[in-house]
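To start, the structure itself, in structure tokens.
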Amino acid sequence: MLFDLHPKEDRKELFGRDKEIDFSISQLLSKNWLIIGGQREIGKTSLMKVIINEMKKNYGFKGIYVNLRGVRNLNSLLKTILSEINSSKPSFKISVKVNFVIGSAGIELKRGAKVVNSLIELFNSIEEDVVIGFDEVQEISQASKQFLEVLGNVFASNPKVRFIFSGSYIGVTKALSNPSSSSPLHGRPPVLLNLKPFDEDTSRNFLKKGMEEVNVHFDKDDEVVKKLDGVVGWLTLFGNFYAIRKIDFDSSMAYTIEEGKKIMIDEFKHFLEGKNNKKIYTTIMNVLKVVNTWKDIKRGVEIKLGNVDDKELSLALESLINNNFIEKKKEGVYEIVDPILREIDYDKI
């Protein structure tokens, strides 16, 4: 059902992404790794899960999906991967010998084993064709150097393992897709697939098909698309309120915006964690709702905060771009990318 709020897992459930699915599978079969990038609520998780299941169903691969939300270091990463491997059905052949023991509960880490060596051994001991999806890969950015070292070793040592990465943080995807000369992945970058919002026709067709699935007549698709753009997460949320929960149009739109705001406020708070000057980020977002040039943004920020150093402002804008909250449309021109983000009062965050 298109208006089901859970991530899609079957190709039949994923609307408007056939080209992306076929492209991704062709890259994985060619032994390239894959990065799925794009703004939040654009369908990265659904695409990843569908690709993994297509590889399992049609090409004989084993596969696991690993959500890295809240995973900030390699130790947590290793524990999360082991949990997913041990719960995967059917399990796949792994010939670990040094840093692990295999017991009734599955693969367990030996006491005192070093995490980097253990991760390398784990991936390199996989004996079958496997695709591993790492969702929200930006979460591991604090340990990105060691993470890249592990990945570089696996790429060179075990061609049976294919990775899919997804994330909203452009900085991490750049480190993966365009590795520097000192990176362990230099010369072997994953393929980058940037998911874009639906265009107007695809958005209207998505709403039409979703309504038809539940036998609901609907003729206000233009109004919905104008308000929510082509962000599939918000279109799905609206469809769920209107067609599944049978809530009237105006209330469904209001609920969609309010629930969307809650989701994006949580995302923005998560982004602000560890930031020294949170006010400059919240102020920029509020200012961007009314102006879009660097000069006007600075003027608006300084009205609120007083004098702001040019470099500090530019770094803050770059960070917001790297985290897919805003886009740089052209030199000196910026824009909030998501319609729900434009509805938030950032002074209250």
Those residues that, when tested against [X], pass salt bridge (charged side-chain N to carboxylate O under 4.0 Å, His left out) (two or more places apart):
X	result
R204	E200, D201, D222
E312	none
E267	R40, R69

Using the side chain to side chain donor-acceptor pair (under 3.5 Å) criterion, which residues pair with [X]? Sequence neighbours excluded.
X	value
S157	N153
S91	none
Y65	D135
N53	none

Answer yes when [X] and [Y] have at least one side-chain N-carboxylate O distance shorter than 4.0 Å, and no when they do not.
X	Y	answer
K220	E223	no
K261	E343	no
D22	R11	yes
E213	K209	no
E84	K79	no

Under 3.5 Å, side chain of [X] to main-chain N/O of [Y], donor-acceptor pair present?
X	Y	answer
S251	D248	no
T80	S76	yes
K31	L28	no
K8	D4	yes
N75	V115	no
D229	V231	no
K304	I280	no
K328	I321	no
K279	L305	no
S26	F23	yes

### Query
Taking all non-hydrogen atoms of both residues, which atom of D296 and which atom of R299 are closest, and how far apart?
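Looks like OD1-NH1, 2.6 Å.
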When you compare the side chain of [Y] with that of [X], does any pair of heavy atoms fall below 4.5 Å?
X	Y	value
L5	T236	yes
V232	E41	no
L14	K49	no

Can you see whether [X] engages [Y] through a side-chain donor-acceptor pair at a distance of less than 3.5 angstrom?
X	Y	value
T202	D199	yes
N286	T283	no
N32	Q27	yes

#### Entry: Reported CZ-to-OG distance for the pair F249 and S252, which is rounded to 0.5 angstrom
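Atom-to-atom, F249:CZ and S252:OG are 8.0 Å apart.
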### Message
If you count every heavy atom of other residues, nucleotides or ligands that lies below 6.0 Å from Y255 atom OH, does the total exceed 12?
### Response
no
### Message
Using a 6.0 Å cut-off, check whether atom NE2 of H270 has over 12 heavy atoms from anything other than its own residue.
### Response
yes
Would you mind writing out the side-chain donor-acceptor pairs for residues 126-134 within the sub-3.5 Å range, not counting sequence neighbours?
| from | atom 1 | to | atom 2 | distance (Å) |
| --- | --- | --- | --- | --- |
| E127 | OE2 | S95 | OG | 3.0 |
| E128 | OE1 | K62 | NZ | 3.3 |
| E128 | OE2 | K93 | N | 2.6 |
| D129 | OD1 | R162 | NH1 | 3.2 |

Which residues satisfy the ring pair (Phe, Tyr, Trp, His ring centres under 6.0 Å) test with [X], sequence neighbours excluded?
X	result
W234	none
F271	F268, Y281, F325
Y242	F218, F238

### Message
Checking V50 against I52 for the side chain to side chain contact (heavy atoms under 4.5 Å, CB included) test, could you report, in this order, the C-alpha distance in whole Å, the side-chain angles of both residues, the deciding distance, and whether it holds?
### Response
CA-CA 5 Å; V50 168; I52 291 171; over 6 Å; no
### Query
Does any pair with a residue in residues 112-123 pass side chain to side chain donor-acceptor pair (under 3.5 Å), and if so which ones, sequence neighbours excluded?
N99-E121
### Task
Go through F155 and W33 one step at a time and tell me if the ring pair (Phe, Tyr, Trp, His ring centres under 6.0 Å) criterion holds.
CA-CA 9 Å; F155 190 97; W33 295 356; 5.0 Å; yes
### Message
My understanding is that only one of L237, N240, L235 makes a side-chain contact (heavy atoms from CB on, under 4.5 Å) with T256; could you say which?
### Response
L237
